[in-house]
Amino acid sequence: WTETDSFDLPLGKLSSGSHTLEIQGRLLNGEWSSPQHSTFAILWPMWLSWPVLVLAGAGGSGFGIGVVQWRKLRKRNHALTLPDISSWRLGALVPDAERLVGAVVDGRYEIDQILSVGGFATVARGHDLKENGRLCAVKVFRCDIGDRAWILHRFEHEVAALQQLSHPNIVRITGHGIIDNGAPYLVMEFVQGRSVRQILEHGPLPARQIARYTQQLAEALSALHWRSIYHRDIKPENLMVRIDAEGEEQVVLIDFSIAIIKAPDHTIHGISRVAGTLGYMAPEQVTGYADASTDIHSLAKLLLELLTGVPCTELMPQATLDLPKHVREYFKARPGGLGDEAIDRIATALSFDPAQRPKDVTEFAAPIVRDLSSKR
């Protein structure tokens, strides 16, 4: 009970549902009147009314069923075994590729298997009939994709680049020429082994193995850069690993199709067309330019992938101009790996501006190889 001399009764905040109000009154100090009763109801909120609840329940059930069906469909799609369309893709990309099988190029190189098909060339395994059937790799450039002059220019660059080189970590050229249909071809030693891409399918590499690969690749690039040759396509697919005569792993750099041989009178413009593999190329490659720091930039991205097992574009998808900052933060959060100097070399090599990157690949690799070689 609450006594008040006001007709404005303070009922407070009432809950939803039925309520009964009981009132008595008196004049001054007279006797109380008999109690009066009044029953009333507070309605439920609209969102708790039964039509809304029914609709919400139906909608929730439908959503739940939809989620369950979506998850089942997703699992079923993941479980599907897709057909092998590699042979179809091969024929679709280069209709003439299969015709190479069984052919004898220039009366000397017999083709027995197509290894890969690219945008402007087909690489096949062959046998050198003048060298007792010795295995070789024959690269036949396409001459049907429009700019024949440019294809011939790229072919001449690759031949010129490889003819200058004799290095255990660089693929060796053994012949070149033009076949009957006018397509240029290049013959290289056949590297028996696996690509670094195939090795990376099993995850990141051990530290000492990365150290060996880095040391050998730095030596190969140093030999290139000394002759003003810049590869421009350092990536796992272009690194083959074979076993040398001493039973040690040996990295071999292949595919010089987009290499630049920089003459002294070349400027930053007009050296080449845009070329490279997007996930590994340096920013300046969109202008067709390259120098030593361009290959070092790609090498730094390759190192990140060897260390983590994940391409740089997936490891740091949000990084753009601030890629060096992200690299430093990544290694700082994982102490016990590379030392500060090695981390700084990798981060600096990933700078957007070529002028801020290392120019000497041997100096770049030295602290990285030292730190990784010391790991067990």
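What you see is a predicted model, and the numbers here were worked out from it, not measured in a lab.
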For a quick test of reading the model, state the closest non-hydrogen atom pair linking A183 to V140 and the distance between them. CB-CG1, 4.2 Å
M240 and I254: which non-hydrogen atoms are nearest, and at how many Å? CG-CD1, 3.9 Å
Return yes if a side-chain donor-acceptor contact under 3.5 Å exists between R242 and Q250, otherwise no. yes
Main chain of D128, side chain of R108: is a donor-acceptor contact present, judged purely on distance under 3.5 Å? no
With no hydrogens and no angle check, do the side chains of D291 and S293 hold a donor and an acceptor under 3.5 Å apart? yes
Between the main-chain N or O of V310 and the side-chain N or O of T308, is there a donor-acceptor pair closer than 3.5 Å? yes
May I ask you to decide if Q318's main-chain N or O and H326's side chain share a donor-acceptor pair within less than 3.5 Å? no
Going through the distances and angles, do Y280 and E305 end up as a side-chain contact (heavy atoms from CB on, under 4.5 Å)? CA-CA 10 Å; Y280 301 89; E305 188 167 354; 2.5 Å; yes
To the nearest 0.5 Å, what is the distance between CG (L321) and CG (L350)? 12.5 Å
Verify, without hydrogens or angle tests, whether R357 (side chain) and F352 (backbone) share a donor-acceptor contact under 3.5 angstrom. yes
Would you check, one step at a time, whether the test side-chain contact (heavy atoms from CB on, under 4.5 Å) holds for L302 with L239? CA-CA 11 Å; L302 173 67; L239 300 173; 3.4 Å; yes
Evaluate the side-chain proximity of L304 to V327: yes if any heavy-atom separation is below 4.5 Å, no if none is. yes
Restricting to non-hydrogen atoms, name the atom on A223 and the atom on I170 that form the minimum distance, rounded to 0.1 Å. CB-CD1, 4.4 Å
Is any side-chain heavy atom of K301 closer than 4.5 Å to one of H297? yes
Is N132 atom CG crowded by more than 12 heavy atoms from other residues, nucleotides or ligands, each under 6.0 Å away? no
Can a donor-acceptor pair be found, under 3.5 Å and without considering hydrogens, that links the side chain of S222 to the backbone of A218? no
Has D322 got more than 12 heavy atoms of other residues, nucleotides or ligands less than 6.0 Å from its CG? yes
When rounded to the nearest 0.5 angstrom, what is the spacing between NZ in K139 and CE in M188? 6.0 Å
Nearest-0.5 Å distance that lies between atom CG in L200 and atom CZ in R194: 10.0 Å
Donor + acceptor pair across side chains of Q209, Y213 (<3.5 Å): yes
Apply the test side-chain contact (heavy atoms from CB on, under 4.5 Å) to residues I296 and L221: give CA-CA distance (whole Å), side-chain angles for both, the deciding distance (0.1 Å), then the verdict. CA-CA 9 Å; I296 294 174; L221 289 175; 5.9 Å; no
Are S116 and T122 side-chain neighbours, meaning at least one heavy-atom pair lies under 4.5 Å? no
Are any of the side-chain heavy atoms of R370 and E341 separated by less than 4.5 Å? yes
Where do L372 and A207 come nearest, in terms of heavy atoms and distance? CB-O, 3.5 Å
Hey, what do you get for CG (L338) to CD1 (I210), rounding to the nearest 0.5 Å? 8.5 Å
For a 4.5 angstrom cut-off between non-hydrogen side-chain atoms, does H225 reach D295? yes
Connected via hydrophobic side-chain network under 4.5 Å: I234 and L306: yes
S373 to A211 - nearest heavy-atom pair and separation: OG-CB, 3.4 Å
Distance col, row D371:CG vs R345:CZ, nearest 0.5 angstrom, shows 10.5 Å
Roughly how far, to the nearest 0.5 Å, is CD1 of I173 from OG of S166? 12.5 Å
Among side-chain atoms of T294 and E284, is any donor-acceptor pair under 3.5 angstrom? yes
Give the other cluster members for F190, using side-chain heavy-atom distances under 4.5 Å between Ile, Leu, Val, Met, Phe, Trp and Tyr residues; answer none if it is isolated. L115, V123, L135
Under 3.5 Å donor-acceptor, Q198 side chain and S195 backbone: yes
L205 versus I199: any side-chain heavy-atom pair under 4.5 Å? yes
Between D244 and G247 (side chain of the first, backbone of the second, donor and acceptor by atom type, cut-off under 3.5 Å), is there such a pair? yes
Side-chain contact, heavy-atom cut-off 4.5 Å: Y185 with I178? no
Taking atom CD of Q113 as the centre, report whether more than 12 heavy atoms of other residues, nucleotides or ligands fall under 6.0 Å from it. yes
Within 45 degrees of the ring normal and closer than 6.0 Å to the centroid, is that where the cationic atom of R334 sits relative to Y330? yes
Start with the C-alpha distance between I111 and R125, add both sets of side-chain angles, then the distance that settles side-chain contact (heavy atoms from CB on, under 4.5 Å), and finish with yes or no. CA-CA 6 Å; I111 307 298; R125 186 180 69 181; over 6 Å; no
Shared hydrophobic cluster, L278 / V286 (ILVMFWY, side-chain heavy atoms < 4.5 Å): yes
Check the hydrophobic clustering (I, L, V, M, F, W, Y; side-chain heavy atoms under 4.5 Å; chains of links allowed) and say if V251 and V369 are grouped together. no
May I ask you to decide if N169's main-chain N or O and Q216's side chain share a donor-acceptor pair within less than 3.5 Å? no
Would you say that V361 contacts L224 through its side chain, given a criterion of any heavy-atom pair below 4.5 Å between the two side chains? no
Does H127 reach the main-chain N or O of L129 with its side chain, forming a donor-acceptor pair under 3.5 Å? no
Is it the case that more than 12 heavy atoms not belonging to K325 sit under 6.0 Å from its NZ atom? no
Considering non-hydrogen atoms only, spot the tightest contact between R328 and T348 and give its length. NH2-OG1, 3.5 Å
